[in-house]
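To start, the structure under review is shown below, and the notes come after it.
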Amino acid sequence: EDTRETRKIFSRYEIPFPKIFFSYHEHNETTAGKKILKLLAEGKTIALCTDAGTPGISDPGYRIISEALEQGFRIEIIPGPSAVTSALLASGLPTSSFTFKGFPPRKKGQRKKFLEMDKDLPHSLVFFESPNRVESFLTDALDVLGNRLAAVCIDLTKKFEEVRRGSLAELQQQLAGKTIKGEVTIVIAGNNPKFLGPVEK
């Protein structure tokens with residue numbers, strides 16, 4: 001995504017910079033994607049890096065992978081740390097069955113409809129969320145899903161990693177009005193009485 005971030009990795013591990021080196025992100029996917037396909041057609045090997053996490057998982061990369069496969073190019077995946085599985089494990093909630101939902105809608109009404117879709121299902125739910133919308137997301141999740149156990153995971157695998165566990169009501173109260181910095185992943189228990197938080201009196 002950001003060549004400055006990728007350069008840090010190259011420098012850290014003393015990897016020579018390639019002659020062709022450019023960014024691929026949500027704002028230039030079409031033009032950069034065409035450039036990548038052209039290079040592949042010329043027989044060149046292309047590496048798609050990401051600033052954090054795994055390319056293509058709620059991140060730029062899905063489209064170019066799909067297009068490259070459609071054109072018959074071979075793809076190899078080298079997985080990096082993924083906030084999805086890291087958060088799921090850090091939450092302490094069931095891992096045998098889970099659904100990754102990506103980023104919820106920004107608007108309250110759409111977000112509530114989005115949460116309603118999995119309200120009655122038993123699997124753990126994993127979401128990405130903007131640090132600026134964590135409080136409103138938790139409020140809506142509590143309203144739609146009930147007071148289930150959950151975890152708010154901030155900047156996983158990084159220097160200032162933080163994981164808060166508790167019921168949705170407890171987490172909403174803890175984070176109300178707080179400034180959160182970094183990438184946020186939220187895990188919420190599925191619809192199972194075993195994972196309900198305390199009933200508010």
Side-chain angles (χ1 to χ4, degrees), residues 1-91 93-106 110 114 117-118 121-131 133 137 151 153-159 161 163 182-188 190:
E1 291 173 74
D2 187 334
T3 55
R4 294 169 298 180
E5 294 299 320
T6 308
R7 280 182 182 275
K8 291 177 186 176
I9 299 172
F10 277 59
S11 297
R12 171 69 178 80
Y13 295 101
E14 299 179 352
I15 302 170
F17 294 123
K19 291 179 181 177
I20 302 172
F21 192 55
F22 57 93
S23 62
Y24 173 87
H25 49 72
E26 63 179 333
H27 302 296
N28 75 346
E29 278 181 302
T30 302
T31 54
K34 288 178 181 177
K35 189 173 180 180
I36 290 171
L37 293 172
K38 182 175 182 291
L39 291 167
L40 287 171
E42 292 171 358
K44 292 184 169 60
T45 298
I46 304 295
L48 179 65
C49 303
T50 189
D51 294 348
T54 300
I57 304 297
S58 273
D59 229 11
Y62 158 73
R63 286 187 179 86
I64 191 59
I65 290 169
S66 179
E67 289 171 4
L69 287 170
E70 283 178 11
Q71 295 194 22
F73 296 111
R74 187 166 63 92
I75 300 294
E76 294 181 14
I77 304 298
I78 303 174
S82 171
V84 177
T85 49
S86 297
L88 186 64
L89 290 167
S91 73
L93 294 170
T95 60
S96 56
S97 176
F98 69 93
T99 296
F100 171 56
K101 299 289 291 181
F103 283 94
R106 297 182 179 192
Q110 293 174 350
F114 178 79
M117 289 191 288
D118 296 280
L121 300 177
H123 48 248
S124 300
L125 302 171
V126 185
F127 305 87
F128 285 166
E129 186 54 285
S130 160
R133 292 192 293 273
F137 174 82
C153 308
I154 304 165
D155 264 0
L156 290 172
T157 76
K158 297 180 183 178
K159 185 177 180 180
E161 174 182 308
V163 179
E183 298 177 342
V184 180
T185 308
I186 299 171
V187 185
I188 302 176

Do [X] and [Y] come close enough that some side-chain heavy atom pair is under 4.5 Å?
X      : Y      : result
Ile188 : Leu93  : no
Leu121 : Thr99  : no
Phe17  : Ser11  : yes
Ile20  : Lys44  : yes
Thr95  : Leu89  : yes
Val184 : Arg133 : no

Original post:
Checking side chain to side chain contact (heavy atoms under 4.5 Å, CB included) for the pair Phe21/Arg7: CA distance, chi angles, key distance, verdict?
Top reply: CA-CA 10 Å; Phe21 192 55; Arg7 280 182 182 275; 3.5 Å; yes
If every non-hydrogen atom of [X] is compared with every non-hydrogen atom of [Y], which pair is closest and at what distance?
X      : Y      : result
Ala83  : Phe128 : CB-CE2, 3.9 Å
Thr185 : Ala87  : CG2-CB, 3.5 Å
Gly61  : Tyr24  : N-CE2, 3.6 Å
Leu40  : Ala68  : CD1-CB, 4.2 Å
Leu88  : Pro94  : CD1-O, 3.8 Å
Gly182 : Asp155 : CA-OD1, 3.3 Å

Original post:
Short question: side chain of Ser124, backbone of Phe98 - any donor-acceptor pair under 3.5 Å?
Top reply: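 No, because the side chain of Ser124 does not come within donor-acceptor range (under 3.5 Å) of the backbone of Phe98.
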To the closest 0.5 Å, what do you measure between [atom1] ([X]) and [atom2] ([Y])?
X      : Y      : atom1 : atom2 : value
Arg106 : Ser130 : CZ    : OG    : 7.5 Å
Ser96  : His123 : OG    : NE2   : 11.0 Å
Ile75  : Leu69  : CD1   : CG    : 4.5 Å
Ile46  : Leu39  : CD1   : CG    : 4.5 Å
Phe137 : Phe103 : CZ    : CZ    : 11.5 Å

Subject >> CA sep, side-chain torsions, deciding dist, call: Asn28, Phe22, side chain to side chain contact (heavy atoms under 4.5 Å, CB included) >> reply: CA-CA 11 Å; Asn28 75 346; Phe22 57 93; 5.7 Å; no
Does atom [atom1] of [X] have more than 12 heavy-atom neighbours, drawn from other residues, nucleotides or ligands, at distances under 6.0 Å?
X      : atom1 : answer
Tyr62  : OH    : no
Lys158 : NZ    : yes
Glu183 : CD    : no

Subject >> Full working for side chain to side chain contact (heavy atoms under 4.5 Å, CB included) between Leu37 and Ile64 >> reply: CA-CA 8 Å; Leu37 293 172; Ile64 191 59; 3.9 Å; yes
Original post:
What do the steps show when you test Glu67 against Ile36 for side chain to side chain contact (heavy atoms under 4.5 Å, CB included), and what is the final call?
Top reply: CA-CA 10 Å; Glu67 289 171 4; Ile36 290 171; over 6 Å; no
